[in-house]
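Model, not experiment: these values are computed from the prediction. Side chains included, hydrogens not; waters and symmetry mates left out as well; all remaining heavy atoms used.
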Amino acid sequence: MQPLIIPLDARLADPGSTLPLMGHLDEEGYTLGDHDFILPAGIDYDLMLTNAGEGILATGMLNAHVVGSCDRCLEKAEFDVAGEVDEYFLFHEPDPASLGDDEDEIDFALVSADQTIDLSEALSSALLMETPFVVLCKPDCRGLCPVCGANLNEEDCGHAVQIEQDRLSSSPFAKLKELKLED
C-alpha cells in the first residue's frame with residue numbers, strides 16, 4: 001500500500017485534541033495468501049486522530065469494494081469490506097522495564113522524528129482483517145465437478161451419481177451393506 005504520511009501539527013499539540021481525517025486512496029489491489037484482489041474503486045477512509053497524551057490514537061473505518069476469484073468455481077467473486085482502523089503511535093518508545101508481563105506484546109508504532117505518522121500499515125491491517133478467508137461468488141456456490149471440471153453452477157454434468165457411489169464405496173462402513181442380519 002502506498003504511504004499515507006500525516007504531519008502532526010498544532011491541531012494535535014495538546015492531549016485530548018482531535019483531528020478528523022477523511023480521504024481516498026487509489027490502490028489497485030492487494031494480496032492475501034494465495035489470493036490476489038482488485039480494488040476497482042480504491043479505498044475510502046474516515047478516521048479520527050486523537051492526542052492521547054503519550055501518543056496519537058488513530059481510529060475509524062475504511063471501506064472498499066473488492067474483486068477476486070471464487071475458491072470453489074474460480075469465477076469472479078465480489079464483496080464489500082468495512083474495516084475498523086485502530087492504531088496507536090507513541091511519541092517515545094516505552095522503557096521495557098516499565099512494562100508489565102501482560103504488556104510485553106502491546107501493538108504500537110512510533111511517531112517519526114519529523115513529527116509524522118504513516119497510516120498505510122493501519123489501513124492495510126484493517127483491510128486484511130476483514131477479507132474473508134474463503135472467498136465465494138455466492139453463498140451456495142456448487143464449485144467444479146471433480147471428474148470433468150464443469151462449473152456446477154451452470155450445468156449438471158451427470159457425474160454426481162458417480163461421485164456419490166465412489167464416496168460410499170470408499171467409506172470404511174461400506175462393508176456393513178454386506179452384513180446379513182437375521183431376526
Side-chain angles (χ1 to χ4, degrees), residues 1-72 74-141:
M1 181 175 288
Q2 63 189 349
L4 180 59
I5 307 296
I6 306 297
L8 302 179
D9 55 23
R11 295 174 290 180
L12 288 170
D14 300 320
S17 57
T18 61
L19 175 65
L21 191 62
M22 293 178 65
H24 177 81
L25 293 174
D26 288 324
E27 288 294 320
E28 294 180 9
Y30 65 102
T31 300
L32 178 60
D34 294 336
H35 293 283
D36 291 321
F37 297 104
I38 298 170
L39 298 166
I43 300 171
D44 294 316
Y45 59 89
D46 184 4
L47 305 175
M48 181 64 71
L49 302 181
T50 305
N51 184 330
E54 295 181 359
I56 301 296
L57 179 62
T59 57
M61 296 293 294
L62 72 76
N63 294 294
H65 182 73
V66 182
V67 179
S69 61
C70 179
D71 286 334
R72 291 186 187 159
L74 306 178
E75 295 294 323
K76 182 167 84 170
E78 298 186 44
F79 55 94
D80 291 320
V81 169
E84 186 175 330
V85 178
D86 187 16
E87 185 73 34
Y88 197 40
F89 297 89
L90 292 176
F91 293 123
H92 306 286
E93 191 162 353
D95 179 22
S98 67
L99 296 176
D101 290 339
D102 60 337
E103 296 175 332
D104 286 345
E105 298 182 25
I106 293 177
D107 189 27
F108 65 89
L110 292 173
V111 173
S112 68
D114 63 353
Q115 294 299 301
T116 62
I117 57 175
D118 183 359
L119 293 172
S120 60
E121 185 67 32
L123 293 175
S124 180
S125 294
L127 181 64
L128 294 175
M129 289 299 291
E130 293 302 319
T131 300
F133 183 71
V134 176
V135 178
L136 299 176
C137 60
K138 56 185 180 180
D140 61 344
C141 177

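When all heavy atoms of C70 and C141 are compared, the closest pair comes out as SG-SG, 3.7 Å. Nearest heavy atom pair, residue A64 against residue G42, reads CB-O, 3.7 Å. Scanning all heavy atoms of the two residues, the minimum distance from C137 to K76 falls at CB-O, 3.6 Å. Nearest heavy atoms, L25 versus M1: CD1-SD, 4.1 Å. Summarising the geometry of Q115 relative to V111, their closest heavy-atom pair is CA-CG1, 4.0 Å, with the distance given to 0.1 Å. The shortest heavy-atom contact between A126 and E84 is CB-O, 3.5 Å.
Heavy atoms of other residues, nucleotides or ligands lying less than 6.0 angstrom from CD of E54 number 12 at most. Shown here is M61, whose CE atom has more than 12 heavy atoms of other residues, nucleotides or ligands within 6.0 Å. In this structure, E78 places its CD atom where more than 12 heavy-atom neighbours from other residues, nucleotides or ligands lie under 6.0 Å away.
Residues E93 and L110 are in side-chain contact: their nearest non-hydrogen atoms beyond the backbone lie under 4.5 Å apart. Within the 4.5 Å cutoff, the side chain of I56 has heavy atoms near those of the N51 side chain. In this structure, F89 and L119 have side chains that are in contact, with non-hydrogen atoms separated by less than 4.5 Å.
With hydrogens and angles left out, the side-chain atoms of T31 and D36 include a donor and acceptor closer than 3.5 Å.
Remark: M129 CE to L32 CG distance equals 10.5 Å, nearest 0.5 Å. Here the CG atom belonging to L8 is positioned 6.5 Å from the CZ atom belonging to F91, to the nearest 0.5 angstrom. Here the OG-CD1 distance, from S112 to I6, works out to 11.5 Å after rounding to the nearest 0.5 Å. If you take CG on L127 and OG1 on T131, they are separated by 4.5 Å, rounding to the nearest 0.5 Å. Atom CD1 in I117 sits 11.5 Å away from atom CG in L90 (nearest 0.5 Å). We find the OH-OG1 distance between Y88 and T50 to be 10.5 Å, quoted to the nearest 0.5 Å.
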Query raised in the report: Does the pair V85 and L123 meet the rule for a side chain to side chain contact (heavy atoms under 4.5 Å, CB included), with working shown?
Result: CA-CA 6 Å; V85 178; L123 293 175; 3.7 Å; yes
Requested in this report: Would you sort out whether L62 and E130 count as a side chain to side chain contact (heavy atoms under 4.5 Å, CB included), showing the intermediate values?
Outcome: CA-CA 10 Å; L62 72 76; E130 293 302 319; over 6 Å; no
**Report entry** From CA spacing to verdict: side chain to side chain contact (heavy atoms under 4.5 Å, CB included), L21, Y45
**Finding:** CA-CA 8 Å; L21 191 62; Y45 59 89; 4.2 Å; yes
Report task. Give the C-alpha distance, both sets of side-chain angles, the deciding distance and a yes or no for side chain to side chain contact (heavy atoms under 4.5 Å, CB included) between D86 and L57. Result -> CA-CA 7 Å; D86 187 16; L57 179 62; 3.6 Å; yes
Show me the donor-acceptor pairs, under 3.5 Å and distance only, between side chains in residues 9-19 and residues at least two apart or in other chains.
{"unit_1": "D9", "atom_1": "OD1", "unit_2": "R11", "atom_2": "N", "d": "3.1"}
{"unit_1": "D9", "atom_1": "OD1", "unit_2": "R11", "atom_2": "NE", "d": "3.1"}
{"unit_1": "D9", "atom_1": "OD2", "unit_2": "R11", "atom_2": "NE", "d": "3.1"}
{"unit_1": "D9", "atom_1": "OD2", "unit_2": "R11", "atom_2": "NH2", "d": "2.7"}
{"unit_1": "S17", "atom_1": "OG", "unit_2": "R11", "atom_2": "O", "d": "3.3"}
{"unit_1": "S17", "atom_1": "OG", "unit_2": "D14", "atom_2": "O", "d": "2.6"}

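Residue pairs that meet the ring pair (Phe, Tyr, Trp, His ring centres under 6.0 Å) test with at least one member in residues 2-34, sequence neighbours left out, are Y30-F37.
Distance alone, capped at 3.5 Å, is enough to place a donor-acceptor pair between the E27 side chain and the Q2 backbone.
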